Structure formats: C-alpha cells, structure tokens
Amino acid sequence: MLILLLAYLGGVLTILSPCILPVLPFVFARADKPFLTNGLPMLLGMAATFAAVATLTAVAGEAAGTANSIGRWIALGVMSLFALMLLFPRLADPVTRPLVRMGEKLSARHEGRAGLFSSLALGVATGLLWAPCAGPILGLILTGAALSGASGETALLLFAYAAGAATSLALALLVGGRVFAAMKRGLGAGETIKKALGLLILLGVGAIALGLDTRLLANLSSGPTNSLENRLARILGMDAPELTTSLAGPLPDEGAFPGLPGPTGWINSPPLTAADLEGKVVLIDFWTYSCINCIRAVPYVRSWHERYAGDGLVVIGVHTPEFAFERKRANVEKAVRDARITYPVALDNRWSIWRAFDNRYWPAHYLIDARGRLRYHHFGEGSYDKTEAAIRMLLAEAGKPVGAAADGPDFAAQEMQAARTAGRTPETYVGWKRMANNANEGIDRNASARYRFPDPLAPDQWGFGGTWTVEPRRAVTRADNADIVMNFAARDLNLVLGSDDGQPRRFRLLLDGKAPGKDAGVDVDAGGYGTITDERLYQLVRQEDGTARRRIEIRFLDAGTAAYAFTFG
C-alpha cells in the first residue's frame, strides 16, 4: 500500500517537471468542455494507456517496440487531425459524424457520447505520446516491472503514477476551463482561442515528431522535482538510491564486474565481453535517449572518453530503454549521431545488463578497475567532478599517466570557447590543477593562505576571499567566513561542494549584493542560506528572467568546506 501511495504522489509531482510541457496543449484543448464528459475521460484514457504501454515496454521484446512506435505515429496523426478541427471548424462535422452515429445507437444524448468517445481517443493518443522524466520514483517502478515481469501489481503501480499526474492536470484543467470561459466572455474571442490552441497542438506534434521536445527539455532543469521525489521516498520510509560512492580515501571494492550479458546489438563497436576488457579501466553509462537527465549527462561522458581513452579508459554506453519506442535500433542510432557519441553503445533491450548490475536509475555510472572489480558508482545527474576524480584514481592505480590528457590546454580552451559562444560562463574549476580565470594576485598551492577579494572583476572572472588551502582538484576553507566571488552569465549557477569530514557546513550567497529572492536555486532559500550535507552538485542560482550577467558572493560560514567546480546552465 505504501509503494502505491508513493507512486501516486510521484505522479502528482510530475506537474512540476518540464517533462509535462509537451502534452499541456493537448490537455488544455478540452478546457472549454464539461469536465466530467470531456476532461476526465481524456485524463483517464491517458493514464490507462501510459500504464499499459509502460508495463509492456519493461517486459516485452522488439515486437512491442515496433507496435508502440506505430502507435505513436497514429497518435500524432490523431492529434494533428484534432488540431486542424480547431483551426478549421468546418472539418469537425464530417470527422465527428461516425462518433455521433455510434452515440445515437447507445443513447439519445448522442452529442455527449460523441464528446466522451472523442475525449477517450485523445486521452489514448496523449498516453502514447507522454514520456515523463525517469525520476527516482518512476525509475524504481519501471525497474521493478523489468525484474518481476508483467503483473497486475506492476500495472497498478504505473496506473497510480499516471493517475497522480492526471490529478494534477485535472486541477490545472478545471482552473484553465474557468479562465477560458472568462476570456470568451470578456473578449468575445472563443474561436480565436480555439485556433490558437489548435496551432499550439500542431507545433507540439511537430516538435515530438522531430524529437525537438527532448532537446528543448534538456535545457530545462528537473532537479527540483527529483529532489522532492527523493525526500518523499525518505519520508514514506522507502529506500532511496545511494547517489555516490565516497572518495574519502581509496575507492572501496563493491564486487566483481558482472559483465555485459545479453545485449541485442552494438553501435560503434563489435560485440564486447568482460574478457575483452581485461586490464582496462571501464566506465559503464546506463542511459536512454529520451531521458532528459541522460541527455544532460552525455556530454560529460563523451568528454571523459575523449580525454582518457588514450590512457586506457574504455567507455561503454548501455542503452536500456525506458519506453517501447526506444527499443528501435534506428532511433538509437540517430540519437547516438545527434549526441556525437563515438564510444561503444550496447543495446540492452532485454534489460539483461541492467539486471546484472542491479541498477535502478537513469543515468547511472559505474567504474570497473583493471582487475575487473567494481569500484565506484553514481546515480543521476551531478557530481561530474567527483566521477572524473574516480576515473583518474583508477587509471593511476593501473599505472597509466593521466596528467597530460586531462589538463591539456587545447581541451580547456575548446570548453571555454563553446560556453562563451552560447553566451554562458564556461565550466570553472576551483582547484589549481585546471584553474582558469582566477583574479587573485597569486595562488599558494597546497598551503593555507589568506586571500583578498579581487575588484573589479572582468566577465567570467572569480576569486577567493579569506583563508583557503587550494589543492589540485578542490579548495578548502581554513577559517570561518571565507568567500568566493564571481562575475558570471548563465541562467543556472551550480557548484560542487562537500566538507573535509562529511559533517554539514553552512553558507550564504548574495547576488549583486542582495539576497537572491526569486532567483534562488533549489539548494538555497530566498535569503540565500543553504547547508552542505554531502558531496554533490548544488544549484545555487536559477534566474527566472534569463541569463543576465550577475555578481555572486558565496560566504562559507564554517571552516572545512570544500569547493570543487562551477557548472552553468
């Protein structure tokens, strides 16, 4: 019963995720109709279809993937036809006439029956097109479905998740219906509003058909939703996945490399086995091409392959499909090309590699050392600096020289130029090994020193204030109230933070000398206060009004705080 409640509440939270955006025009197109005979049937059809398709996806083979792919194209056609009916009302009569005749056979209230059937059809189409982000809760449910097979319990959990999302959408639809009615009364523009909705639906259909929706959503953060889901799981007593293996000291031995059993195919490589990887450091990246979180993680995985392949690192992407249409090889091949992935990709359509690792998350990164032992894992986005540190550690254990490949100026210059071309501050490392754009007069390497804020700061420059020890890959505060100041341009500012002893540390940030207010990131409050509880990526700033250039000052209130790297979005 508890897991059922968790699934339902996880679905309710979907309304806060950007992954709901592509289906909103489909839902609000029924806002001017009676909710019980139009909106509710549509949402129920959406929930039931998603539950059925997701259950089959997790357990079925290629035939299900092909069928679902065909179903999605049919759904896109249905949505296109519905949009054209809104844009050109004269089309509505010949299209709905068969539904009216069916309704006449069933009831004298044929118009109500026609509306009910058309709403159910639209709900089914929406369920085929809706691909929510694989957050912690949906990831656990889909994993359970894959491991236990199709069952009534699996279908019920997925329906509970979809019903939670439908509940949120129902509330939005009820409010939207009142707004729609008020606009028609106030503006006398009912037909204009309908045509606008029809145009939005056509745009949404085109975006989904071309895959543009996933590219757009990749630039929108779903971190707050995932964070809420993890907290919800803890509150309800569910096991939330451990995000990262600690890097305090040597990496632990987490067991033998389970191998790569049962892939259905390979991209960019002939078939690989554990025997082919003996003596190599191996990074396994579990991903799926429509997962927004995975799309954001792939550039980091690609950069590790580019940096360390010459030093003995083998990167293998394991594509385990979340939805049926992701089983189609041609779709994955296109995604691999679009993401500029050149390392081997195993097609895990039977979830056999996923099961061998007992994995539960998209994306997930596992590191195997040269002796064939699993030594590190990380689930979800973030902690990229920490994962790279683990790669370097295992390569060093294997006797591979990693300095030149990681720290070459050409790669750093390319990263910085790419970010600046996009109008965004580039990724910035705080440790002296890969430090760039620091404005302090000088840096004392590996020694405690007191620094003075540099002023003024040029664009993308930053500096220390207070007492710090600057190490190769991080900097650690050696007194209370040490600071970092930066002149940055980005919507999101994130910073990898931790502590010397694993204990909580407090901090406060100011934007242009003031509390961040509405521009506070998910890990700080409106006053700019936050607490570091573990080593991970902290979102400090999320600007609502774009990517304006700002000055941020972060004051670490407690000594022993460790800062690793800034990333921007």
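All values reported here derive from a predicted model rather than from experimental measurement.
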K.L.:
Under a 4.0 Å N-O cut-off, is there an ion pair linking Arg375 with Glu397?
P.N.:
yes

K.L.:
Atom CG of Leu495 and atom OG1 of Thr428: how far apart are they, to the nearest 0.5 Å?
P.N.:
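Between Leu495 CG and Thr428 OG1, I get 10.0 Å after rounding to 0.5 Å.
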
K.L.:
Got a second to check how far Phe286's CZ is from His377's NE2, nearest 0.5 Å?
P.N.:
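Rounded to the nearest 0.5 Å, the CZ-NE2 separation comes to 12.5 Å.
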
K.L.:
Do the side chain of Arg327 and the main chain of Asn349 share a donor and acceptor less than 3.5 angstrom apart?
P.N.:
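Yes, Arg327 side chain to Asn349 backbone: donor-acceptor pair under 3.5 Å.
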
K.L.:
Okay, side chain of His378, backbone of Tyr366: is any donor-acceptor separation there less than 3.5 Å?
P.N.:
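Checked: no pair found.
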
K.L.:
Would you say the side-chain atoms of Trp362 pair up with the backbone N or O of Thr320, donor to acceptor, closer than 3.5 Å?
P.N.:
yes

K.L.:
For Asp285 and His365, indicate whether the former's side chain and the latter's backbone hold a donor-acceptor pair under 3.5 Å.
P.N.:
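Checking the backbone N and O of His365 against the side chain of Asp285, no donor-acceptor pair under 3.5 Å is found.
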
K.L.:
Could you check whether any side-chain heavy atom of Leu277 comes within less than 4.5 Å of a side-chain heavy atom of Leu260, counting everything from C-beta outward?
P.N.:
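Yes, at least one pair of side-chain atoms sits under 4.5 Å.
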
K.L.:
Donor-acceptor pair, distance only, cut-off 3.5 Å: does the side chain of Trp287 make one with the backbone of Pro363?
P.N.:
no

K.L.:
Is there a side chain to side chain contact (heavy atoms under 4.5 Å, CB included) between Val314 and Leu283 once you walk through the steps?
P.N.:
CA-CA 6 Å; Val314 177; Leu283 170 68; over 6 Å; no

K.L.:
Checking the side chain of Gln543 only, and the main-chain atoms of Ala490 only, is there a donor and an acceptor separated by less than 3.5 Å?
P.N.:
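Confirmed, Gln543 side chain pairs with Ala490 backbone.
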
K.L.:
Between Arg373 and Glu254, is any pair of side-chain heavy atoms under 4.5 Å apart?
P.N.:
no

K.L.:
Apply side chain to side chain contact (heavy atoms under 4.5 Å, CB included) to the pair Arg329 and Ile267, showing each step before the final yes or no.
P.N.:
CA-CA 9 Å; Arg329 182 186 178 98; Ile267 298 173; 3.9 Å; yes

K.L.:
If I take atom NZ from residue Lys328 and atom CD from residue Glu333, how far apart are they, to the nearest 0.5 angstrom?
P.N.:
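Reported to 0.5 Å precision, the distance equals 11.0 Å.
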
K.L.:
Return the minimal non-hydrogen interatomic distance between Gly312 and Leu395, and the atom names on each side.
P.N.:
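Heavy-atom minimum between the residues: C-CD2, 4.0 Å.
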
K.L.:
If every non-hydrogen atom of Val476 is compared with every non-hydrogen atom of Ala562, which pair is closest and at what distance?
P.N.:
CG2-CB, 4.2 Å

K.L.:
Between Arg355 and Arg350, is there a donor-acceptor pair closer than 3.5 Å when you use the side chain of the first and the backbone of the second?
P.N.:
yes

K.L.:
May I have the step-by-step check of side chain to side chain contact (heavy atoms under 4.5 Å, CB included) for Thr561 and Ile532, ending in yes or no?
P.N.:
CA-CA 8 Å; Thr561 303; Ile532 302 162; 3.4 Å; yes

K.L.:
Can you check whether Leu374 reaches Leu367 side chain to side chain, under 4.5 Å on heavy atoms?
P.N.:
no

K.L.:
Can you tell if the side chain of Val281 reaches within under 4.5 Å of the side chain of Tyr308, non-hydrogen atoms only?
P.N.:
no

K.L.:
Mind listing the closest non-hydrogen atom pair of Ile353 and Pro263 along with its distance?
P.N.:
CD1-CB, 4.3 Å

K.L.:
Determine yes or no for a side-chain-to-main-chain donor-acceptor pair under 3.5 angstrom, with Asp523 supplying the side chain and Gly530 the backbone.
P.N.:
no

K.L.:
Identify the two heavy atoms, one from Ala436 and one from Trp462, that lie closest to each other, and give their separation to 0.1 Å.
P.N.:
O-NE1, 2.9 Å

K.L.:
I'd like to check His305 versus Leu313 (side-chain heavy atoms, cut-off strictly below 4.5 Å). Are they in contact?
P.N.:
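His305 does not reach Leu313 side chain to side chain.
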
K.L.:
Atom CG in Leu540, atom CE in Met486: separation rounded to 0.5 Å?
P.N.:
11.0 Å

K.L.:
Does some side-chain heavy atom of Lys433 sit less than 4.5 Å from a side-chain heavy atom of Arg392?
P.N.:
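Result yes, sub-4.5 Å side-chain heavy-atom pair found.
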
K.L.:
Ignoring hydrogens and geometry, is there a side-chain-to-backbone donor-acceptor pair from Arg474 to Ala563 under 3.5 Å?
P.N.:
no

K.L.:
Over 60° means perpendicular and under 30° means parallel, so tell me whether Trp304 and Tyr300 are parallel, tilted or perpendicular.
P.N.:
tilted

K.L.:
Within this structure, what is the CZ-CG distance for the pair Arg371 and Leu394, rounded to the nearest 0.5 Å?
P.N.:
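If I round to the nearest 0.5 Å, the distance is 9.5 Å.
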
K.L.:
Ile316 and side chain to side chain contact (heavy atoms under 4.5 Å, CB included): which partner among Leu272, Ile368, Asn268?
P.N.:
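The side chain to side chain contact (heavy atoms under 4.5 Å, CB included) with Ile316 is passed solely by Leu272 among Leu272, Ile368, Asn268.
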
K.L.:
Just checking Phe566 against Phe488, ring centres under 6.0 Å apart?
P.N.:
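No.
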
K.L.:
To the nearest 0.5 Å, what is the distance between OH on Tyr343 and OG on Ser269?
P.N.:
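Separation between the atoms: 13.0 Å.
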
K.L.:
Do you know the tightest heavy-atom contact between Ser383 and Tyr376?
P.N.:
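Nearest heavy atoms, Ser383 then Tyr376: O-OH, 4.3 Å.
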
K.L.:
Do the side chains of Pro472 and Trp432 get nearer than 4.5 Å, heavy atoms only?
P.N.:
yes

K.L.:
Closest heavy-atom contact between Ala364 and Phe379?
P.N.:
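So the two residues come closest at CB-CD2, 3.7 Å.
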
K.L.:
Take the angle between the ring planes of Phe507 and Tyr538 and call it parallel below 30°, perpendicular above 60°, tilted in between.
P.N.:
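Perpendicular.
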
K.L.:
Is the backbone of Arg505 close enough, under 3.5 Å, to the side chain of Thr531 for a donor and an acceptor to pair up by distance?
P.N.:
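Pair absent, no side-chain N/O of Thr531 close to backbone of Arg505.
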
K.L.:
Tell me, with the steps shown, if Glu471 and Asn446 meet side chain to side chain contact (heavy atoms under 4.5 Å, CB included).
P.N.:
CA-CA 5 Å; Glu471 300 175 0; Asn446 306 320; 4.3 Å; yes

K.L.:
Side chains of Val496 and Lys386: does their closest heavy-atom pair fall under 4.5 Å?
P.N.:
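Answer no - side chains too far apart.
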
